There are 2 protein chains.
Amino acid sequence: MEHRTVSLAEQVFERLENEILSGKFPRGTVLTEMNLVTELGVSRTPIREAIHRLEQEHVIETTTKGILILGVTKKDLRDIFEIRLRIEGLASAEAAKRITDEELAELRESLELQEFYVPKNDPEHVRGMDSLFHRLIYRFSGNTALSDALLPLHKKVMKYRLASVSDHSRANSSAKEHRMIYEAIANHDPEAAEARTVEHIKNAMEHILKETNE
Amino acid sequence: MEHRTVSLAEQVFERLENEILSGKFPRGTVLTEMNLVTELGVSRTPIREAIHRLEQEHVIETTTKGILILGVTKKDLRDIFEIRLRIEGLASAEAAKRITDEELAELRESLELQEFYVPKNDPEHVRGMDSLFHRLIYRFSGNTALSDALLPLHKKVMKYRLASVSDHSRANSSAKEHRMIYEAIANHDPEAAEARTVEHIKNAMEHILKETNE
DNA sequence: CTTTTCAGAATTGTATACAATTATACCAGA
DNA sequence: TCTGGTATAATTGTATACAATTCTGAAAAG
């Protein structure tokens, strides 16, 4: 076996998670391990590892007939935003308290890239940078449990977030809101960081729930 | 293979999680898959599955030297309670809105068992019923994402919760607080359920953090 | 005495063979 | 035609063999 910094199991997990949360497989689809073996060209072992991790995240279910795709419903979306409204501000507040200059530079870079892509009408890249911004804040909060709780919630909005930032006006507002949050964190102002984050999540929620028909 | 309703992998996962979160292995301990094979008497396959699930919960880490036990630190505990303070009330409020009579009976039974064990000075059983009460509320909230977020947080307090309910006076107050929460849910009063739950978590947090030295 | 190199031991990652259960389809009989 | 049963196929669960990397310790060189 040649050197591989990231295991096949990890690669399969990320690929499947991404495909499922992007909506490639409609809810109710049933896959089998052998499907994935032939499609992905690896043995059952790494596939099974990925499957079990996805099952733990309630993205799929394993049945006697195969792997049932659950995906993310609109109700899930509402449920997720109710939670994020309550704890995502905490992540920003904690980050504002303890962020280092290096971390701040990383956060700023993701923000500036987002601002770069917005006028180009490039939703894929905008979403990528939008996501990165949030994930960096989770990490910089220094609260592992909080990061562990928020990350799956954030990932599950992926599909709907693409539709949202495809609306140029919303993409624009979102970038502006991110900048406000960034400024508060850079000023080490937890209260402002929290309040602006809650406002941002509220706006994102309203836009996404409005746009989503399902 | 004989009939088995729950897979070996699941059994190993639950056993290992329980042992680690009970504090059987101190933080920093390194195990290997072969250790567990000889100790548990099953092959590497189900053990590896359990390991990967525990890794996803950040309870252990896999290194080139083996399986590193992380466990739950006092900082983790503070982080966890900050989150629970913000979202556990939501679970109770949602449960108050949508709970059925059957579910209510189940919740009441766990409460009455807790009240039964408290005067007997039986911390293990008290903790078991205390935990069940909370988990039932997560489930009855009807919000899968919320339940998925709260359950790992709740499990990680297990070790410290035993010490807490071993204090008879705290065990008594805890049962009383549970009854107040139960009454609010039974009355389908979301505001009261939420307020009483937040108060309960606050009390639990203060007591646990005070008792914990680590 | 210290440092470096190398061989082997220990460990995880991957593939595959086998076991057991469950679903499916076909056939027989009423 | 419908129902029931049985054999076969499909699927996941488990064990094990093999691959590749990494750690460890001892020996050799300076």
Side-chain angles (χ1 to χ4, degrees), chain A residues 1-21 24-71 148, chain B residues 1-21 24-71 148:
Chain A
M1 195 196 330
E2 76 257 35
H3 178 64
R4 199 180 282 118
T5 50
V6 53
S7 70
L8 289 181
E10 179 68 23
Q11 292 177 50
V12 171
F13 171 75
E14 284 174 12
R15 173 164 173 180
L16 282 182
E17 183 187 47
N18 198 60
E19 289 182 345
I20 293 170
L21 295 182
K24 173 173 175 180
F25 308 106
R27 180 176 175 87
T29 304
V30 175
L31 305 176
T32 65
E33 292 177 3
M34 283 311 294
N35 287 160
L36 298 170
V37 164
T38 54
E39 174 148 358
L40 305 182
V42 301
S43 78
R44 279 180 65 206
T45 304
I47 287 175
R48 281 178 61 80
E49 179 176 331
I51 294 300
H52 293 128
R53 291 174 61 190
L54 291 169
E55 191 173 18
Q56 187 146 327
E57 291 185 344
H58 285 182
V59 166
I60 62 171
E61 258 180 32
T62 59
T63 72
T64 56
K65 302 175 72 168
I67 300 151
L68 177 65
I69 305 292
L70 297 179
D148 286 352
Chain B
M1 195 198 335
E2 75 258 37
H3 178 63
R4 199 181 279 118
T5 50
V6 55
S7 69
L8 289 181
E10 179 68 23
Q11 293 177 50
V12 170
F13 171 75
E14 285 174 11
R15 172 163 173 179
L16 282 182
E17 183 187 48
N18 198 61
E19 289 182 345
I20 294 170
L21 295 182
K24 173 172 176 179
F25 307 106
R27 181 178 175 85
T29 304
V30 175
L31 305 175
T32 65
E33 291 176 4
M34 282 312 294
N35 288 159
L36 298 170
V37 164
T38 55
E39 174 146 358
L40 305 182
V42 301
S43 78
R44 281 180 65 207
T45 305
I47 287 175
R48 282 177 61 79
E49 178 177 332
I51 293 302
H52 293 129
R53 291 174 62 190
L54 292 170
E55 191 175 18
Q56 187 147 328
E57 292 185 344
H58 285 181
V59 166
I60 62 171
E61 257 179 33
T62 58
T63 72
T64 55
K65 303 175 72 168
I67 300 152
L68 175 66
I69 305 294
L70 297 179
D148 286 351

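All chains are named by letter (A, B, ...) in the order of the sequence lines, taking the proteins before the strands, and each is independently numbered beginning at 1. As the structure is a computational prediction, the values presented were derived from the model and not from experiment.
Side-chain nitrogen and oxygen atoms of A:Arg48 include none within less than 4.0 Å of the OP1 or OP2 phosphate oxygen of D:dT12. Between A:Arg44 and the phosphate of D:dT12, there is no side-chain N or O to OP1/OP2 separation shorter than 4.0 Å.
In this structure, of C:dT12, D:dT14, D:dC23, it is C:dT12 that holds the atom nearest to the side chain of B:Glu33. Here the side chain of B:Ser43 is nearest to one of D:dG13, C:dT14, D:dA15, namely D:dA15. Distance from the side chain of B:Thr64 is smallest to D:dC23 among D:dT12, D:dC23, C:dT12. In the set D:dT11, C:dT14, C:dT12, C:dT12 carries the atom at the smallest distance from any side-chain atom of B:Ile67.
Using a 4.0 Å heavy-atom distance criterion, B:Thr45 is classed as a base contact. Within 4.0 Å (heavy atoms only), B:Thr62 reaches no atom of the nucleic acid at all.
Put simply, the side chain of A:Glu33 does not reach to within 4.5 Å of the side chain of A:Leu36, judged on heavy atoms. A heavy-atom distance below 4.5 Å is not found between the side chains of A:Glu17 and A:Val59. Put simply, the side chain of A:Glu57 reaches to within 4.5 Å of the side chain of A:Phe13, judged on heavy atoms.
A:Glu49 places its CD atom 13 Å from the P atom of C:dT12, with the value rounded to the nearest Å. Distance CG (B:Leu68) to P (D:dC23): 14 Å, rounded to an integer number of Å. When rounded to the nearest whole Å, the span between CD1 of B:Ile47 and C1' of D:dT16 equals 13 Å. Rounded to an integer number of Å, the gap from CE of A:Met34 to P of C:dA17 is 11 Å. C:dA10 atom P lies 17 Å from atom CG of B:Leu31, rounded to whole Å. Remark: C1' of D:dT14 and CG of B:Leu40 are 15 Å apart, rounded to the nearest angstrom. Across the protein-nucleic acid pair, B:Leu8 atom CG and C:dC18 atom P stand 20 Å apart, rounded to whole Å. Straight-line distance from the NZ atom of B:Lys65 to the C1' atom of C:dT12: 15 Å, rounded to whole Å.
Closest approach of A:Arg15 and A:Leu40 over heavy atoms only: CZ-CD2, 3.4 Å.
DNA chain C is contacted by both B:Gly66 and A:Gly41; B:Gly66 maps to the nucleotide lying nearer its 5′ end (nearest heavy atom per residue).
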Using the side chain to side chain contact (heavy atoms under 4.5 Å, CB included) rule, take B:Thr45 and B:Leu8 through it: C-alpha gap first, then chi angles, then the decisive distance, then the call.
-> CA-CA 9 Å; B:Thr45 305; B:Leu8 289 181; over 6 Å; no
